[in-house]
Amino acid sequence: MKSIVRPVKKWGQNFLQDTSYAGRMIQTMEIQPDDCLLEIGPGEGALTQVLAASSASSIHIIEKDRRLIPWLQGRFGSDPRFHIHSQDILTTNFTDIVQNNQKLRVIGNLPYNITSPILFKLLDACHLIQDATVTIQKEVGERLASDPGCKAYGIPSIFFQIFAQVQSHFTIPPEAFFPIPKVESAVISIRFYDKPLAEIHDEAYFKKMVHTVFGQRRKMLRNTLKSFIPENMKPSDIPFDLQRRPETYTPVEMVALSNFLYQHDRQCFGQHS
Ligand code: SAM
């Protein structure tokens with residue numbers, strides 16, 4: 001199929017050609033009549049045209065490539081449910097889009113080069129988002145959805161699974177896109193909980209601890225956590241099994257460990273505050 005614009009690599013422009021995947025992706029969302037949808041990077045409209053055929057009450061599309069905006073206006077602009085934003089998703093303020101406190105349902109075949117910043121932006125705004133159904137590089141999807149003990153389990157699994165149920169649905173082969181990317185893709189859904197599975201007492205401390213222990217993921221926690229354990233604390237004072245490796249801790253256990261150490265660190269005027 002001929003492209004409407006010459007695809008640009010720096011914007012991750014691999015346009016979906018096999019639209020049967022768009023239909024499958026939208027089926028997993030079970031769109032309801034009062035849903036407010038937000039599509040990241042509509043491109044040449046492969047997903048957008050399926051969204052247009054749904055019963056959603058409003059559909060926001062955010063595209064950075066200005067060359068595509070007139071075409072998107074012409075194709076979808078006459079539908080009163082559509083709001084076409086010519087802007088960068090990474091600088092978009094979701095509060096400008098949300099109306100009447102109705103949470104957004106996000107969808108997108110994400111540009112590969114900025115997948116992580118987009119996903120972490122969604123995580124930061126999770127109080128405004130019901131769920132996100134996205135096509136991403138298969139390996140990135142595995143890292144988000146993996147369970148403790150699996151090879152792909154790590155920092156993203158922990159951060160996302162505290163706030164959301166992450167589910168992998170199906171894969172999309174490279175040939176379904178033009179230009180053909182080097183990687184296989186997967187469709188995943190991230191359904192944000194109303195309340196996180198565990199309350200993190202200090203996010204900066206938690207992030208630092210998780211990054212530290214996963215920096216040496218094959219080592220036991222008693223070795224990697226040394227700088228987090230107050231000097232006057234004996235191993236027997238710590239109600240966690242530090243013989244285990246971080247990759248065996250569930251996200252909730254990891255939060256509990258961080259809350260415990262943070263509390264004692266502060267009591268000892270700790271090093272990390
Ligand atoms: N949804 C279309 C499809 O499935 O064929 C296009 C997907 S393509 C992988 C990624 C799209 O995101 C492109 O249209 C690209 O221009 C757009 N894009 C890239 N960076 C963006 C950004 N920072 N903000 C909004 N859109 C962006």
Side-chain angles (χ1 to χ4, degrees), residues 1-29 31 37-54 56 59-77 79 82-97 104-125 128-129 132-141 169-189:
M1 203 169 100
K2 197 174 172 313
S3 285
I4 294 157
V5 295
R6 185 178 46 79
V8 174
K9 200 172 172 189
K10 70 171 177 184
W11 287 332
Q13 291 184 336
N14 302 95
F15 297 119
L16 187 63
Q17 305 295 297
D18 185 339
T19 48
S20 67
Y21 290 106
R24 282 180 71 188
M25 201 171 161
I26 281 144
Q27 257 175 15
T28 69
M29 291 178 70
I31 293 173
L37 309 178
L38 166 64
E39 187 189 354
I40 300 172
E44 301 186 343
L47 289 178
T48 326
Q49 62 185 355
V50 189
L51 297 180
S54 79
I59 306 170
H60 293 262
I61 58 177
I62 297 183
E63 176 55 63
K64 184 170 182 177
D65 185 349
R66 292 209 186 128
R67 298 174 305 166
L68 288 162
I69 299 298
W71 185 83
L72 290 166
Q73 290 281 11
R75 176 73 177 77
F76 302 106
D79 183 334
F82 268 85
H83 307 267
I84 300 170
H85 307 266
S86 174
Q87 66 191 61
D88 185 334
I89 188 65
L90 294 178
T91 55
T92 296
N93 191 348
F94 292 123
T95 49
D96 295 342
I97 293 174
L104 302 169
R105 303 199 66 195
V106 175
I107 180 164
N109 287 337
L110 299 187
Y112 294 117
N113 46 341
I114 53 166
T115 298
S116 283
I118 293 175
L119 292 176
F120 277 97
K121 185 174 169 98
L122 298 178
L123 185 60
D124 278 345
L128 301 172
I129 297 170
T133 302
V134 286
T135 305
I136 56 180
Q137 191 177 335
K138 189 175 160 218
E139 286 73 22
V140 179
H169 293 285
F170 56 89
T171 56
I172 306 185
E175 304 76 47
F177 298 91
F178 177 80
I180 298 175
K182 290 199 178 75
V183 294
E184 196 175 2
S185 304
V187 172
I188 65 154
S189 61

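For ligands, and for the atoms within them, numbers begin at 1 and follow the listed sequence.
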Tell me which protein heavy atom sits closest to [atom], plus the residue, atom name and distance to 0.1 Å.
| atom | value |
| --- | --- |
| atom 4 (O) of ligand 1 | Asn109 ND2, 2.6 Å |
| atom 24 (N) of ligand 1 | Ile89 N, 2.9 Å |
| atom 9 (C) of ligand 1 | Gly12 O, 3.1 Å |
| atom 19 (C) of ligand 1 | Trp11 O, 3.1 Å |
| atom 26 (N) of ligand 1 | Lys64 N, 3.3 Å |
| atom 5 (O) of ligand 1 | Leu16 N, 2.7 Å |
| atom 2 (C) of ligand 1 | Pro42 O, 3.3 Å |
| atom 16 (O) of ligand 1 | Glu63 OE2, 2.6 Å |

TODO: Please work out which of the three classes, parallel, tilted or perpendicular, describes the rings of Phe76 and Phe82, given edges at 30° and 60°.
DONE: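 Because their plane-to-plane angle is under 30°, the rings of Phe82 and Phe76 count as parallel.
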
Open item on the list: Run Val5 and Phe15 through side chain to side chain contact (heavy atoms under 4.5 Å, CB included) and show every step you take.
Closed with: CA-CA 10 Å; Val5 295; Phe15 297 119; 4.3 Å; yes

Flag the pair [X] / [Y] as yes when at least one side-chain heavy-atom distance between them is below 4.5 Å, and no otherwise.
| X | Y | answer |
| --- | --- | --- |
| Leu51 | Ile31 | yes |
| Thr92 | His85 | no |
| Glu63 | Ile69 | yes |
| Val183 | Lys138 | no |
| Gln49 | Thr19 | yes |
| Tyr21 | Ser185 | no |

I want to know if ligand 1 touches [X] in the polar sense, i.e. an N/O pair below 3.5 angstrom.
| X | result |
| --- | --- |
| Leu90 | no |
| Phe15 | no |
| Asp65 | no |
| Glu44 | no |

Task: Gap between atom CG of Leu38 and atom CD1 of Ile62 - 0.5 Å precision - done: 4.5 Å

I'd like to check which ligand 1 atoms, numbered from 1 as shown, lie under 4.0 Å from a non-hydrogen atom of [X].
| X | answer |
| --- | --- |
| Glu39 | 1 (N) |
| Gly43 | 6 (C), 14 (O) |
| Gln13 | 13 (C), 15 (C), 16 (O) |
| Asp88 | 22 (C), 23 (N), 24 (N) |

Open item on the list: Taking a cutoff of less than 4.0 Å between a non-hydrogen atom of the residue and any ligand atom, is Ile62 in contact with ligand 1?
Closed with: yes

Open item on the list: Heavy-atom contact check, 4.0 Å cutoff: does Gln87 meet ligand 1?
Closed with: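 Per 4.0 Å heavy-atom rule, Gln87 contacts ligand 1.
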
Task: Part of Ala22 within contact of ligand 1 (heavy atoms, under 4.0 Å) - done: neither

- [ ] Using a 4.0 Å heavy-atom threshold (strictly under), name the region of Ile40 that reaches ligand 1: side chain, backbone, both or neither.
- [x]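 Under 4.0 Å from ligand 1, Ile40 contributes no heavy atoms.
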
Task: Derivation and outcome, side chain to side chain contact (heavy atoms under 4.5 Å, CB included), residues Thr115 and Gln137 - done: CA-CA 8 Å; Thr115 298; Gln137 191 177 335; over 6 Å; no

Open item on the list: Consider side-chain contact (heavy atoms from CB on, under 4.5 Å). Of Leu119, Asn109, Val187, Ile107, which one does Val134 pass it with?
Closed with: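 That would be Leu119.
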
Open item on the list: Before you tell me yes or no, could you show the steps for Arg67 and Arg6 under side chain to side chain contact (heavy atoms under 4.5 Å, CB included), namely the whole-Å CA-CA distance, both residues' side-chain angles and the distance that decides it to 0.1 Å?
Closed with: CA-CA 10 Å; Arg67 298 174 305 166; Arg6 185 178 46 79; 4.2 Å; yes

Open item on the list: My understanding is that we take every heavy atom of each candidate and find the minimum distance to atom 11 (C) of ligand 1. Doing that for Gly45, Ala176, Ser86, Gly41, which one comes out nearest?
Closed with: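 It is Gly41 whose heavy atom sits nearest to atom 11 (C) of ligand 1.
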
